[in-house]
2 protein chains.
Amino acid sequence: MNAASRSVSVKDVAARAGVSLGTVSNVLNRPDRVSDPTRVKVETAMRELGFVRNESARQLRAGHSRVVAYVVLDAANPFFTDVAQGVELSAGLADLWLFICNSNNDAERERAYLDLLQQQRVQGILITPVDPDAEHLREVAGRGTPLVVVDRTQQGLDLCSVAVDDVLGGRLAVEHLIDRGHTQVAFIGGPLSIGQVRDRWQGAQQAWADAGLPPESLHLITTSALTVVEGRGAGERLSGLPSRRRPMAAFCANDLLALGLLQQTIGSGRRVPDDLAIVGYDDIEFASAAAVPLTSVRQPRHELGRTATELVIDEATNPAHTHTQVTFTPELIARTSTLG
Amino acid sequence: MNAASRSVSVKDVAARAGVSLGTVSNVLNRPDRVSDPTRVKVETAMRELGFVRNESARQLRAGHSRVVAYVVLDAANPFFTDVAQGVELSAGLADLWLFICNSNNDAERERAYLDLLQQQRVQGILITPVDPDAEHLREVAGRGTPLVVVDRTQQGLDLCSVAVDDVLGGRLAVEHLIDRGHTQVAFIGGPLSIGQVRDRWQGAQQAWADAGLPPESLHLITTSALTVVEGRGAGERLSGLPSRRRPMAAFCANDLLALGLLQQTIGSGRRVPDDLAIVGYDDIEFASAAAVPLTSVRQPRHELGRTATELVIDEATNPAHTHTQVTFTPELIARTSTLG
DNA sequence: TTGTAGGCGTTATCAC
DNA sequence: GTGATAACGCCTACAA
């Protein structure tokens with residue numbers, strides 16, 4: 001068990017087994033070239049010494065690792081863990097292991113993780129970036145580590161990306177509310193520095209304009225994060241409005257906000273959807289599990305992860321790889337929170 | 001940006017800058033020993049070539065990495081991502097980076113990740129294991145990689161662990177229900193192969209016996225996983241019981257189950273807590289955000305992560321380290337789902 | 001202040 | 001079937 005052993009190397013194993021170092025290596029990598037008795041001797045020595053292959057040394061020689069990493073914006077948001085599940089599945093098929101890193105919406109941390117991962121020479125990086133146009137994303141790819149942007153489209157064509165059409169998603173949500181007869185709607189989300197929020201807001205505005213409704217009746221309520229707590233806060237601000245001017249419907253930029261809003265609304269004695277209709281975004285599992293099942297815009301989360309992984313593997317292994325921007329189509333899932 | 005460059009090494013940088021290899025290394029590691037103009041020359045060369053330090057080579061020499069890993073049971077369960085947040089925070093203080101790995105409750109995958117992480121020579125491993133008594137956990141520690149078990153206590157004293165007293169948690173939940181006058185209670189959870197579930201069930205039984213209530217009025221409803229979907233299923237089974245024998249209260253082994261149960265209950269027209277009182281476990285953020293705020297047993301999640309990290313760092317750096325088993329105390333948070 | 005040499009652990013090549 | 005040797009990229013003594 002050798003608890004204190006600095007680190008047992010092939011050399012130690014060779015000495016213990018009374019063979020040369022090359023033979024040990026053969027046992028590890030081409031067992032068929034080794035005679036049975038020798039192999040057994042070596043394997044025994046490995047077990048006795050508690051030998052563990054040193055991945056750094058292997059990798060130094062091989063030039064690449066068996067790992068892909070997914071840098072998420074917020075590990076506590078089920079949306080990202082669902083995407084990660086899709087990644088993990090297809091990574092496994094290619095014999096790759098997944099490390100999840102959490103940038104926590106912090107550009108500094110994101111950058112630090114990217115640096116670390118490049119230095120580790122991971123096979124590829126998937127990332128939902130704080131800012132998809134940041135220069136350092138391009139630099140990563142330029143320096144040889146395949147990188148795919150997840151859940152954001154790319155302006156240029158110099159990176160792979162996998163995304164869902166957030167503008168369309170915003171449209172779907174608001175068109176649904178318009179169909180339900182609403183003429184006063186609040187868009188709740190923020191900060192607007194988050195591209196996903198901007199796009200959904202834009203889609204909302206487009207749908208509003210297309211329906212010929214006056215812009216001032218589509219209210220923008222900005223939040224400082226996409227969390228349950230912020231959703232509750234937004235609910236309080238909404239309650240504070242004079243009832244004449246208070247929207248009877250809200251479209252939230254994600255489900256966490258929507259769940260917070262839902263809770264605050266019900267908690268303060270109003271009813272969903274009678275007093276307030278709510279549409280969320282992402283259709284995380286908790287959306288349908290909310291006590292008033294939440295209407296939400298569904299994104300193909302697993303698909304997103306799967307496709308991103310395939311792209312990053314292609315970029316890593318296919319010399320003829322060309323950067324591709326994949327866009328999926330969102331889908332509105334109507335439930336009680338708008339249907340009554 | 002040198003897209004194709006196999007890999008730019010210090011040697012390349014030295015050549016480009018017209019200095020020796022050692023100088024480049026000095027610029028990287030002891031910049032003060034280098035004259036300003038030389039430094040600038042070297043830095044320029046690095047930028048122009050897109051140089052990225054090779055972590056494998058560094059690590060091969062240094063003998064250890066700057067990474068800790070947390071192998072979670074279920075990345076989609078907010079409980080674990082909250083623990084991970086605590087880990088991340090204190091790891092950052094020690095200049096360590098966190099990789100999250102998802103075993104997905106699969107012993108095989110868990111083992112594979114452990115192998116990989118050992119081979120990577122990570123600074124330490126935190127793990128919420130499928131089976132805390134598995135031999136391979138001990139082997140990891142025995143081979144020199146510090147390992148701390150999170151959210152499970154250890155039988156032996158040969159591993160560090162950080163846990164919450166689940167038996168006590170189970171007691172608290174059921175005592176609360178007894179206090180509220182319930183004499184027919186369902187325990188919902190499973191599979192019982194999960195230690196956390198076993199302990200909470202045991203605590204529930206203890207509280208029940210201590211109150212002098214007959215064992216047959218504490219119903220065990222087992223599930224095949226601790227998920228929202230399973231919670232809904234359990235709700236259906238509960239509804240199926242003849243109303244005379246149907247418990248008026250349920251204690252769920254975690255909040256995901258409880259949320260599923262809550263949804264199914266409300267969805268089928270019954271009321272919480274009037275028709276069914278519900279207690280969850282973990283007090284994840286969604287618990288208080290549920291439309292009927294959920295009574296739940298709170299575990300100090302960040303604390304758990306923080307302490308585990310401190311232990312693993314101590315094990316990695318302090319020669320006088322002794323294995324420690326830390327147990328935290330859970331706390332019942334009473335909310336509407338039992339208080340009405 | 002700068003340059004040179006050796007070694008970290010693994011693997012592949014090439015004699016034996 | 002086996003054993004010596006060089007190389008991967010970096011870092012740190014040590015020498016100049």
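The model shown is predicted, which means the values in this text are computed figures rather than measured ones. Quick note on labels: first sequence line is chain A, next is B, and so on, each numbered from 1.
When the C1' atom of D/dT2 is taken as reference, atom CZ of A/R39 falls 16 Å away, rounded to whole Å. Whole-Å rounding puts the A/F51 CZ to C/dT11 C1' distance at 12 Å. When rounded to the nearest whole Å, the span between NZ of B/K11 and P of C/dT4 equals 13 Å. Remark: P of D/dG9 and CG of B/L28 are 15 Å apart, rounded to the nearest angstrom. Atom CD of B/Q59 is separated from atom C1' of C/dC8 by 11 Å (rounded to the nearest Å). When the C1' atom of C/dG3 is taken as reference, atom CZ of B/R30 falls 13 Å away, rounded to whole Å. The CG atom of B/L21 sits 11 Å away from the P atom of C/dA5 (whole-angstrom rounding). If you measure from atom CZ of A/R61 to atom C1' of C/dT11, you get 4 Å, rounded to the nearest angstrom.
Put simply, B/T38 has a side-chain N or O that comes within less than 4.0 Å of OP1 or OP2 on C/dT2. Side-chain N/O atoms of B/S20 include none lying less than 4.0 angstrom from OP1 or OP2 on C/dT2. Contact annotation: B/S9 does not reach the phosphate of D/dG9 (side-chain N/O to OP1 or OP2, under 4.0 Å). Contact annotation: A/R58 reaches the phosphate of C/dT11 (side-chain N/O to OP1 or OP2, under 4.0 Å).
Nucleic acid contact class of B/S25 (heavy atoms, under 4.0 Å, all strands): base. At the heavy-atom level, B/D36 lies nowhere under 4.0 Å from the strands shown.
Each of B/G22 and B/A57 was matched to the nucleotide of DNA chain C holding its nearest heavy atom; the match closer to the 5' end belongs to B/G22. Mapping B/V19 and A/N54 onto DNA chain C by nearest heavy atom places B/V19 at the nucleotide closer to the 5' end. If A/N26 and B/N26 are placed on DNA chain D by their nearest nucleotide, the residue sitting closer to the 5' end is A/N26.
Taking only side-chain atoms of B/N29, from C-beta outward, the nucleotide of D/dT12, C/dT10, D/dG9 with the closest atom is D/dT12. Comparing atom distances between the B/V34 side chain and each of C/dT2, D/dT2, C/dT10 picks out C/dT2 as nearest. Across C/dG9, C/dT1, D/dG3, the shortest atom-to-atom separation from the side chain of B/S35 is found for C/dT1.
Counting heavy atoms from C-beta outward, A/V130 and A/N105 have side chains that approach closer than 4.5 Å.
Note on B/R306 versus B/E303: salt bridge recorded, some NZ/NE/NH1/NH2 to OD/OE distance being below 4.0 Å. Here A/E55 does not pair with B/R121 in a salt bridge; the nearest charged N to carboxylate O distance is not below 4.0 Å. A salt bridge is defined here as a Lys NZ or Arg NE, NH1 or NH2 lying under 4.0 Å from an Asp or Glu carboxylate O, and B/R66 with B/D95 fails to meet this definition.
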Run the side-chain hydrogen bond (donor to acceptor under 3.5 Å, both in side chains) check on B/Q154 and B/S161 step by step: do they pass? CA-CA 6 Å; B/Q154 278 309 112; B/S161 68; 5.5 Å; no
